[in-house]
**Q** 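Quick one: structure below, then a few questions.
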Amino acid sequence: MFKTKVCDLLGLEYPIISGGMVWIAKSELAAAVSDAGGLGLLGAGSMNPDELPGEIDRVKELTDKPFGVNIPVADPRSEEHVKTCIAKGVNAVSTSAGNPKKYTPALKDAGIRVFHVVPSPKLAEKAAAAGVDAIAAEGYEAGGHNGFEEITTMALVPQVVDAVDIPVIAAGGIADGRGIVAALALGAEGVQIGTRFAASMESAAHPRFKETMLTVKDVGTVVTGRRFGPTRCVRNSLTDAIHQEENKGATVEELLAFIGEGRASRASVSGEVEEGTVYCGQIAGLIKELKPVKEIVEEMVAQAKAGLEGLYQRNLQ
Ligand SMILES: Cc1cc2nc3c(=O)[nH]c(=O)nc-3n(C[C@H](O)[C@H](O)[C@H](O)COP(=O)(O)O)c2cc1C
(Lines give C-alpha, C1' and ligand atoms only; values in the text may rest on other atoms or scores of the structure.)
Protein backbone atom coordinates (compact mmCIF):
# COMPACT_ATOMS: atom_id res chain seq x y z
CA MET A 1 0.00 0.00 0.00
CA PHE A 2 2.87 2.30 0.69
CA LYS A 3 5.26 1.54 -2.14
CA THR A 4 5.49 4.42 -4.58
CA LYS A 5 7.89 5.39 -7.35
CA VAL A 6 9.78 7.45 -4.77
CA CYS A 7 10.41 4.25 -2.77
CA ASP A 8 11.72 2.50 -5.89
CA LEU A 9 13.83 5.49 -6.89
CA LEU A 10 15.50 5.90 -3.50
CA GLY A 11 15.36 2.33 -2.20
CA LEU A 12 12.99 3.08 0.67
CA GLU A 13 10.45 1.16 2.69
CA TYR A 14 8.28 4.27 3.11
CA PRO A 15 8.18 7.39 0.89
CA ILE A 16 9.02 9.62 3.85
CA ILE A 17 11.97 12.00 3.64
CA SER A 18 13.31 14.17 6.44
CA GLY A 19 14.22 17.61 5.10
CA GLY A 20 17.81 18.80 5.18
CA MET A 21 17.66 21.34 7.98
CA VAL A 22 20.45 23.77 8.79
CA TRP A 23 22.10 23.07 12.19
CA ILE A 24 19.48 20.41 12.99
CA ALA A 25 19.65 17.65 10.36
CA LYS A 26 22.89 16.03 11.47
CA SER A 27 24.00 12.41 11.35
CA GLU A 28 21.91 11.15 14.26
CA LEU A 29 18.65 12.46 12.80
CA ALA A 30 19.42 11.44 9.22
CA ALA A 31 20.44 7.93 10.29
CA ALA A 32 17.37 7.51 12.51
CA VAL A 33 14.99 8.44 9.68
CA SER A 34 16.76 6.15 7.22
CA ASP A 35 16.83 3.35 9.76
CA ALA A 36 13.09 3.76 10.29
CA GLY A 37 12.49 3.11 6.58
CA GLY A 38 12.49 6.67 5.19
CA LEU A 39 15.26 8.79 3.70
CA GLY A 40 17.26 10.87 6.16
CA LEU A 41 18.96 13.95 4.76
CA LEU A 42 21.95 15.73 6.22
CA GLY A 43 21.59 19.51 6.08
CA ALA A 44 24.84 20.67 4.48
CA GLY A 45 23.61 24.27 4.38
CA SER A 46 25.15 24.96 7.77
CA MET A 47 28.24 22.79 7.39
CA ASN A 48 31.73 23.79 6.48
CA PRO A 49 33.35 21.58 3.83
CA ASP A 50 35.50 19.86 6.45
CA GLU A 51 32.45 18.85 8.50
CA LEU A 52 30.36 17.06 5.86
CA PRO A 53 32.68 14.05 5.24
CA GLY A 54 32.66 13.13 8.94
CA GLU A 55 28.87 13.51 9.13
CA ILE A 56 28.46 11.20 6.12
CA ASP A 57 30.81 8.63 7.69
CA ARG A 58 28.86 8.80 10.93
CA VAL A 59 25.54 8.12 9.16
CA LYS A 60 27.16 5.10 7.52
CA GLU A 61 28.26 3.87 10.96
CA LEU A 62 24.73 4.24 12.33
CA THR A 63 22.77 2.68 9.47
CA ASP A 64 23.27 0.68 6.31
CA LYS A 65 20.10 2.11 4.74
CA PRO A 66 20.08 4.75 1.97
CA PHE A 67 20.45 8.38 3.02
CA GLY A 68 21.11 11.72 1.39
CA VAL A 69 22.40 15.26 1.71
CA ASN A 70 20.63 18.57 1.13
CA ILE A 71 22.78 21.17 -0.59
CA PRO A 72 21.51 24.74 -1.03
CA VAL A 73 22.97 25.57 -4.46
CA ALA A 74 23.50 29.28 -3.79
CA ASP A 75 25.70 28.51 -0.76
CA PRO A 76 29.32 29.39 -1.64
CA ARG A 77 30.39 26.02 -0.17
CA SER A 78 28.01 24.03 -2.39
CA GLU A 79 30.59 22.97 -4.96
CA GLU A 80 32.78 21.38 -2.32
CA HIS A 81 29.76 19.67 -0.79
CA VAL A 82 28.86 18.22 -4.18
CA LYS A 83 32.41 16.89 -4.58
CA THR A 84 32.21 15.31 -1.12
CA CYS A 85 28.87 13.63 -1.93
CA ILE A 86 30.32 12.19 -5.13
CA ALA A 87 33.54 11.05 -3.44
CA LYS A 88 31.63 9.44 -0.56
CA GLY A 89 28.96 7.90 -2.81
CA VAL A 90 25.84 9.09 -0.99
CA ASN A 91 22.58 7.66 -2.35
CA ALA A 92 20.70 10.89 -2.91
CA VAL A 93 21.16 14.65 -2.97
CA SER A 94 18.40 17.20 -2.62
CA THR A 95 19.27 20.57 -4.05
CA SER A 96 17.47 23.76 -3.09
CA ALA A 97 17.81 27.53 -3.25
CA GLY A 98 19.47 27.88 -6.63
CA ASN A 99 19.69 26.68 -10.21
CA PRO A 100 19.12 22.90 -10.53
CA LYS A 101 21.17 22.85 -13.75
CA LYS A 102 24.37 23.61 -11.86
CA TYR A 103 25.07 20.25 -10.20
CA THR A 104 22.46 17.79 -11.51
CA PRO A 105 24.56 16.39 -14.41
CA ALA A 106 27.65 15.76 -12.27
CA LEU A 107 25.63 14.15 -9.49
CA LYS A 108 23.68 11.94 -11.86
CA ASP A 109 26.84 10.92 -13.72
CA ALA A 110 28.10 9.70 -10.36
CA GLY A 111 24.98 7.55 -9.95
CA ILE A 112 23.42 9.75 -7.28
CA ARG A 113 19.65 10.31 -7.27
CA VAL A 114 18.82 14.01 -7.38
CA PHE A 115 15.69 15.84 -6.38
CA HIS A 116 15.20 19.59 -6.33
CA VAL A 117 13.01 21.62 -3.98
CA VAL A 118 10.67 24.12 -5.67
CA PRO A 119 7.96 26.56 -4.53
CA SER A 120 6.09 26.85 -7.87
CA PRO A 121 5.00 24.79 -10.92
CA LYS A 122 7.16 27.00 -13.16
CA LEU A 123 10.32 26.19 -11.21
CA ALA A 124 9.27 22.52 -11.15
CA GLU A 125 9.29 22.52 -14.96
CA LYS A 126 12.76 24.09 -14.95
CA ALA A 127 14.06 21.48 -12.52
CA ALA A 128 12.56 18.64 -14.57
CA ALA A 129 14.22 20.08 -17.68
CA ALA A 130 17.52 20.10 -15.78
CA GLY A 131 17.19 16.32 -15.49
CA VAL A 132 16.42 15.79 -11.81
CA ASP A 133 14.87 12.45 -10.80
CA ALA A 134 12.08 13.93 -8.67
CA ILE A 135 10.68 17.23 -7.48
CA ALA A 136 9.99 18.25 -3.90
CA ALA A 137 7.12 20.75 -4.06
CA GLU A 138 7.30 22.83 -0.91
CA GLY A 139 4.35 24.96 0.15
CA TYR A 140 4.28 28.23 2.02
CA GLU A 141 3.34 26.65 5.34
CA ALA A 142 6.76 24.96 5.55
CA GLY A 143 9.36 25.89 8.14
CA GLY A 144 12.55 27.65 6.99
CA HIS A 145 12.99 29.51 3.71
CA ASN A 146 9.82 29.89 1.67
CA GLY A 147 9.18 30.91 -1.92
CA PHE A 148 8.27 34.47 -2.85
CA GLU A 149 5.31 32.93 -4.66
CA GLU A 150 3.45 32.16 -1.40
CA ILE A 151 1.72 29.05 -2.81
CA THR A 152 0.44 26.65 -0.16
CA THR A 153 1.04 22.89 -0.34
CA MET A 154 -2.63 22.11 -1.07
CA ALA A 155 -2.59 24.35 -4.15
CA LEU A 156 1.00 23.67 -5.19
CA VAL A 157 1.25 19.88 -5.22
CA PRO A 158 -1.46 19.05 -7.80
CA GLN A 159 -0.21 21.82 -10.08
CA VAL A 160 3.33 20.47 -9.91
CA VAL A 161 2.04 16.92 -10.45
CA ASP A 162 0.36 18.16 -13.63
CA ALA A 163 3.37 20.19 -14.73
CA VAL A 164 6.01 17.43 -14.71
CA ASP A 165 6.18 13.73 -15.54
CA ILE A 166 8.59 12.71 -12.79
CA PRO A 167 7.64 11.79 -9.20
CA VAL A 168 6.62 14.62 -6.90
CA ILE A 169 7.35 14.77 -3.18
CA ALA A 170 5.02 17.01 -1.16
CA ALA A 171 6.58 19.23 1.49
CA GLY A 172 5.16 21.74 3.92
CA GLY A 173 2.50 21.18 6.54
CA ILE A 174 2.84 17.41 6.87
CA ALA A 175 3.45 15.98 10.32
CA ASP A 176 1.32 12.87 10.60
CA GLY A 177 -0.40 10.10 8.65
CA ARG A 178 -3.32 12.32 7.67
CA GLY A 179 -0.91 14.68 5.93
CA ILE A 180 0.64 11.75 4.08
CA VAL A 181 -2.77 10.55 2.88
CA ALA A 182 -3.60 14.09 1.71
CA ALA A 183 -0.29 14.36 -0.17
CA LEU A 184 -0.87 11.02 -1.90
CA ALA A 185 -4.42 12.09 -2.77
CA LEU A 186 -3.01 15.20 -4.45
CA GLY A 187 -0.85 13.01 -6.64
CA ALA A 188 2.42 13.16 -4.72
CA GLU A 189 4.44 9.95 -4.41
CA GLY A 190 6.25 10.91 -1.24
CA VAL A 191 6.50 13.49 1.50
CA GLN A 192 9.32 15.63 2.85
CA ILE A 193 8.91 16.53 6.49
CA GLY A 194 10.93 19.11 8.41
CA THR A 195 9.22 20.52 11.47
CA ARG A 196 8.04 17.17 12.93
CA PHE A 197 11.55 15.71 12.71
CA ALA A 198 13.15 18.88 14.10
CA ALA A 199 10.99 18.23 17.16
CA SER A 200 12.34 14.71 17.70
CA MET A 201 14.77 13.18 20.18
CA GLU A 202 17.46 12.72 17.52
CA SER A 203 17.28 16.27 16.13
CA ALA A 204 20.42 18.28 16.88
CA ALA A 205 18.41 21.39 17.77
CA HIS A 206 19.08 23.00 21.15
CA PRO A 207 16.60 21.73 23.80
CA ARG A 208 15.11 25.22 24.12
CA PHE A 209 14.51 25.29 20.34
CA LYS A 210 12.60 22.01 20.56
CA GLU A 211 10.61 23.15 23.60
CA THR A 212 9.71 26.35 21.75
CA MET A 213 8.37 24.35 18.82
CA LEU A 214 6.03 22.54 21.20
CA THR A 215 4.56 25.84 22.42
CA VAL A 216 3.57 26.92 18.91
CA LYS A 217 -0.18 27.19 18.42
CA ASP A 218 -2.11 27.83 15.20
CA VAL A 219 -0.77 31.33 14.61
CA GLY A 220 2.55 30.84 16.34
CA THR A 221 4.65 31.09 13.20
CA VAL A 222 5.21 34.15 11.05
CA VAL A 223 7.00 34.93 7.80
CA THR A 224 9.75 37.52 7.85
CA GLY A 225 11.74 38.93 4.92
CA ARG A 226 8.92 38.94 2.38
CA ARG A 227 10.89 41.45 0.29
CA PHE A 228 14.30 39.76 0.30
CA GLY A 229 13.97 36.14 1.40
CA PRO A 230 10.80 34.89 3.08
CA THR A 231 11.45 32.72 6.11
CA ARG A 232 8.87 30.96 8.27
CA CYS A 233 9.77 30.81 11.94
CA VAL A 234 8.31 31.02 15.42
CA ARG A 235 7.04 34.48 16.30
CA ASN A 236 9.38 35.94 18.93
CA SER A 237 11.08 39.20 20.01
CA LEU A 238 13.24 39.14 16.89
CA THR A 239 10.37 38.71 14.41
CA ASP A 240 8.34 41.42 16.20
CA ALA A 241 11.32 43.78 15.97
CA ILE A 242 11.80 43.00 12.26
CA HIS A 243 8.13 43.68 11.54
CA GLN A 244 8.35 46.94 13.52
CA GLU A 245 11.28 48.05 11.36
CA GLU A 246 9.33 47.11 8.23
CA ASN A 247 6.32 49.10 9.41
CA LYS A 248 8.60 52.09 9.99
CA GLY A 249 9.55 51.85 6.30
CA ALA A 250 13.02 50.31 6.60
CA THR A 251 14.72 49.56 3.26
CA VAL A 252 15.88 46.04 2.43
CA GLU A 253 19.49 47.09 3.16
CA GLU A 254 18.47 48.49 6.55
CA LEU A 255 16.53 45.34 7.39
CA LEU A 256 19.44 43.08 6.43
CA ALA A 257 21.79 45.19 8.56
CA PHE A 258 19.30 45.08 11.45
CA ILE A 259 19.05 41.27 11.29
CA GLY A 260 22.79 40.72 10.81
CA GLU A 261 24.43 37.30 10.56
CA GLY A 262 24.01 34.09 12.52
CA ARG A 263 20.42 34.36 13.76
CA ALA A 264 19.58 30.74 12.83
CA SER A 265 22.53 29.28 14.68
CA ARG A 266 21.82 31.48 17.69
CA ALA A 267 18.43 29.78 17.99
CA SER A 268 19.27 26.26 16.84
CA VAL A 269 22.70 25.83 18.44
CA SER A 270 22.81 28.32 21.33
CA GLY A 271 19.12 28.14 22.27
CA GLU A 272 18.54 31.91 22.02
CA VAL A 273 14.89 31.45 21.14
CA GLU A 274 13.95 35.14 21.44
CA GLU A 275 16.90 36.76 19.67
CA GLY A 276 17.50 33.99 17.12
CA THR A 277 15.46 32.61 14.22
CA VAL A 278 13.49 29.51 15.22
CA TYR A 279 12.71 28.01 11.80
CA CYS A 280 9.40 26.22 12.14
CA GLY A 281 6.39 25.30 10.01
CA GLN A 282 2.72 26.03 10.66
CA ILE A 283 2.08 22.35 11.37
CA ALA A 284 3.98 22.67 14.66
CA GLY A 285 0.58 23.41 16.20
CA LEU A 286 -0.10 19.68 15.82
CA ILE A 287 3.01 18.54 17.68
CA LYS A 288 2.50 17.94 21.38
CA GLU A 289 5.61 16.05 22.45
CA LEU A 290 9.16 15.20 21.51
CA LYS A 291 9.46 11.59 20.44
CA PRO A 292 12.10 9.27 19.03
CA VAL A 293 12.12 9.18 15.21
CA LYS A 294 11.25 5.48 15.07
CA GLU A 295 8.05 6.09 17.01
CA ILE A 296 7.16 9.13 14.88
CA VAL A 297 7.57 7.16 11.65
CA GLU A 298 5.72 4.09 12.94
CA GLU A 299 2.79 6.24 14.06
CA MET A 300 2.70 8.14 10.77
CA VAL A 301 2.73 4.96 8.73
CA ALA A 302 0.02 3.27 10.83
CA GLN A 303 -2.16 6.38 10.67
CA ALA A 304 -1.65 6.78 6.95
CA LYS A 305 -2.50 3.14 6.27
CA ALA A 306 -5.66 3.39 8.40
CA GLY A 307 -6.52 6.69 6.72
CA LEU A 308 -6.16 5.25 3.24
CA GLU A 309 -8.32 2.25 4.15
CA GLY A 310 -10.88 4.51 5.81
CA LEU A 311 -11.10 6.74 2.75
CA TYR A 312 -11.62 3.75 0.51
CA GLN A 313 -14.38 2.38 2.71
CA ARG A 314 -16.08 5.77 2.94
CA ASN A 315 -15.98 6.12 -0.81
CA LEU A 316 -17.70 2.76 -1.19
CA GLN A 317 -20.75 3.84 0.78
C1 LIG B 1 14.60 24.16 11.17
C2 LIG B 1 14.47 24.05 9.68
C3 LIG B 1 15.58 24.23 8.86
C4 LIG B 1 15.48 24.05 7.48
N5 LIG B 1 16.60 24.16 6.69
C6 LIG B 1 16.52 23.84 5.36
C7 LIG B 1 17.70 23.77 4.54
O8 LIG B 1 18.82 23.99 5.00
N9 LIG B 1 17.54 23.43 3.23
C10 LIG B 1 16.32 23.15 2.68
O11 LIG B 1 16.23 22.84 1.48
N12 LIG B 1 15.19 23.19 3.45
C13 LIG B 1 15.28 23.51 4.76
N14 LIG B 1 14.15 23.48 5.53
C15 LIG B 1 12.88 22.99 4.93
C16 LIG B 1 12.73 21.46 5.13
O17 LIG B 1 13.73 20.76 4.46
C18 LIG B 1 11.35 20.95 4.68
O19 LIG B 1 11.19 21.05 3.28
C20 LIG B 1 10.21 21.70 5.35
O21 LIG B 1 10.48 21.84 6.72
C22 LIG B 1 8.90 20.96 5.15
O23 LIG B 1 7.85 21.65 5.76
P24 LIG B 1 7.40 21.40 7.30
O25 LIG B 1 8.32 22.25 8.11
O26 LIG B 1 6.00 21.91 7.35
O27 LIG B 1 7.53 19.95 7.59
C28 LIG B 1 14.22 23.71 6.91
C29 LIG B 1 13.11 23.56 7.74
C30 LIG B 1 13.22 23.72 9.11
C31 LIG B 1 11.99 23.52 9.98
Side-chain angles (χ1 to χ4, degrees), residues 16-26 29-30 33 38-47 52 55 68-75 77-78 81 92-98 100 114-119 123 127 134-147 151-154 156-157 168-176 178-180 182-183 188 190-200 203-206 209-210 212-213 216 220-221 223 229-234 263-269 271 273 276-287 296 300:
I16 298 173
I17 297 164
S18 64
M21 296 179 277
V22 281
W23 305 110
I24 288 175
K26 300 249 183 154
L29 179 60
V33 174
L39 185 83
L41 294 183
L42 289 168
S46 54
M47 293 184 197
L52 184 59
E55 282 292 295
V69 178
N70 167 253
I71 304 177
V73 176
D75 187 317
R77 302 164 292 191
S78 59
H81 289 327
V93 163
S94 97
T95 51
S96 55
V114 183
F115 60 96
H116 191 70
V117 186
V118 302
L123 291 174
I135 302 282
E138 192 196 60
Y140 200 53
E141 50 275 75
H145 286 275
N146 289 165
I151 311 176
T152 56
T153 304
M154 187 82 172
L156 176 66
V157 171
V168 174
I169 297 153
I174 301 164
D176 67 5
R178 291 172 296 181
I180 296 174
V191 295
Q192 174 165 292
I193 293 173
T195 297
R196 172 67 267 199
F197 287 129
S200 70
S203 137
H206 189 283
F209 186 107
K210 297 187 197 179
T212 302
M213 293 184 112
V216 171
T221 70
V223 173
T231 301
R232 184 173 296 283
C233 47
V234 174
R263 294 284 186 173
S265 67
R266 281 175 68 177
S268 321
V269 182
V273 292
T277 304
V278 184
Y279 290 142
C280 181
Q282 283 184 328
I283 201 66
L286 201 66
I287 303 170
I296 294 173
M300 273 177 188

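One-based numbering, in listed order, for ligands and for the atoms of each.
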**Q** Which protein heavy atom lies closest to atom 11 (O) of ligand 1, and at what distance to 0.1 Å?
**A**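 Here the closest protein heavy atom is Ser96 OG, 2.9 Å.
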**Q** Counting only heavy atoms, tell me which of Ala264, Gly173, Cys233 gets closest to atom 26 (O) of ligand 1.
**A**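 Answer by nearest heavy atom: Gly173.
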**Q** Under 4.0 Å from a heavy atom of Ile193: which atoms of ligand 1 are those, numbered in the order shown and with their elements?
**A**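 Atoms satisfying the 4.0 Å criterion: 27 (O).
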**Q** List the atom of Ser268, the atom of Trp23, and the distance in Å for their closest heavy-atom pair.
**A**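 Heavy atoms of Ser268 and Trp23 come nearest at CB-CB, 3.6 Å.
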**Q** Out of Thr153, Thr152, Thr221, Asn146, which residue meets the side chain to side chain donor-acceptor pair (under 3.5 Å) rule with Glu141?
**A**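 The option that passes is Thr153.
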**Q** Among residues at least two apart in sequence or on other chains, which ones pass salt bridge (charged side-chain N to carboxylate O under 4.0 Å, His left out) with Lys26?
**A**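 Scan of Lys26 (salt bridge (charged side-chain N to carboxylate O under 4.0 Å, His left out), adjacent residues dropped) gives Glu51.
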**Q** Among protein heavy atoms, which lies nearest atom 3 (C) of ligand 1, and at what distance?
**A**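 Heavy-atom neighbour on the protein nearest atom 3 (C) of ligand 1: Met21 CB, 3.4 Å.
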**Q** Give the single entry among Leu286, Thr195, Val117, Ile169 that approaches atom 25 (O) of ligand 1 most closely by any heavy atom.
**A**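 The option holding the nearest heavy atom is Thr195.
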**Q** Atom 29 (C) of ligand 1: which protein heavy atom is closest, and how many Å away?
**A**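 Here the nearest protein heavy atom works out to Gly143 O, 3.3 Å.
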**Q** Counting only heavy atoms closer than 4.0 Å, does ligand 1 sit against the backbone of Leu41, its side chain, both, or neither?
**A**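 None of Leu41 does.
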**Q** In the protein, what heavy atom is nearest to atom 1 (C) of ligand 1, and what distance, to one decimal place, separates them?
**A**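 Looking at atom 1 (C) of ligand 1, the protein heavy atom closest to it is Tyr279 CB, 3.3 Å.
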**Q** Within the 4.0 Å heavy-atom shell around Gln192, which atoms of ligand 1 are there?
**A**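 With Gln192 as reference, the close atoms of ligand 1 come out as 17 (O), 18 (C), 19 (O), 22 (C).
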**Q** Any donor and acceptor pair, going by atom type alone, linking the side chain of His81 with main-chain N or O of Met47 inside 3.5 Å?
**A**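 A pair under 3.5 Å: yes.
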**Q** Heavy-atom contacts with Gly19 under 4.0 Å: which atoms of ligand 1 show up? List them by number with element.
**A**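 Counting atoms of ligand 1 from 1, those under 4.0 Å from Gly19 are 17 (O).
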**Q** Have a look at Gly45, Gly144, Gly20, Ala171 and point out the one with the heavy atom closest to atom 13 (C) of ligand 1.
**A**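 Shortest heavy-atom distance from atom 13 (C) of ligand 1: Gly20.
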**Q** Just need the protein heavy atom nearest to atom 27 (O) of ligand 1, so name the residue and atom and give the distance.
**A**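 Looking only at protein heavy atoms, the one closest to atom 27 (O) of ligand 1 is Gly194 N, 2.8 Å.
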**Q** For atom 9 (N) of ligand 1, what's the nearest protein heavy atom and its distance?
**A**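 It is Asn70 OD1, 2.8 Å.
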**Q** Using heavy-atom distances, let me know which of Glu138, Gln282, Glu141 sits nearest atom 15 (C) of ligand 1.
**A**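 Nearest heavy atom to atom 15 (C) of ligand 1 lies in Glu138.
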**Q** Say whether, by atom type as modelled, one donor and one acceptor occur between the side chain of Arg196 and the main chain of Ala199 under 3.5 angstrom.
**A**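 Flag set: sc Arg196 to bb Ala199 pair under 3.5 Å.
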**Q** Under the ring pair (Phe, Tyr, Trp, His ring centres under 6.0 Å) test, which residues partner Tyr279, sequence neighbours left out?
**A**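 Once residues adjacent in sequence are excluded, the partners of Tyr279 under the ring pair (Phe, Tyr, Trp, His ring centres under 6.0 Å) criterion are His145.
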**Q** Of the backbone atoms (N, CA, C, O) and the side-chain heavy atoms from C-beta on, which set of Ala142 has a member under 4.0 Å from an atom of ligand 1: side chain, backbone, both, or neither?
**A**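 Both backbone and side chain.
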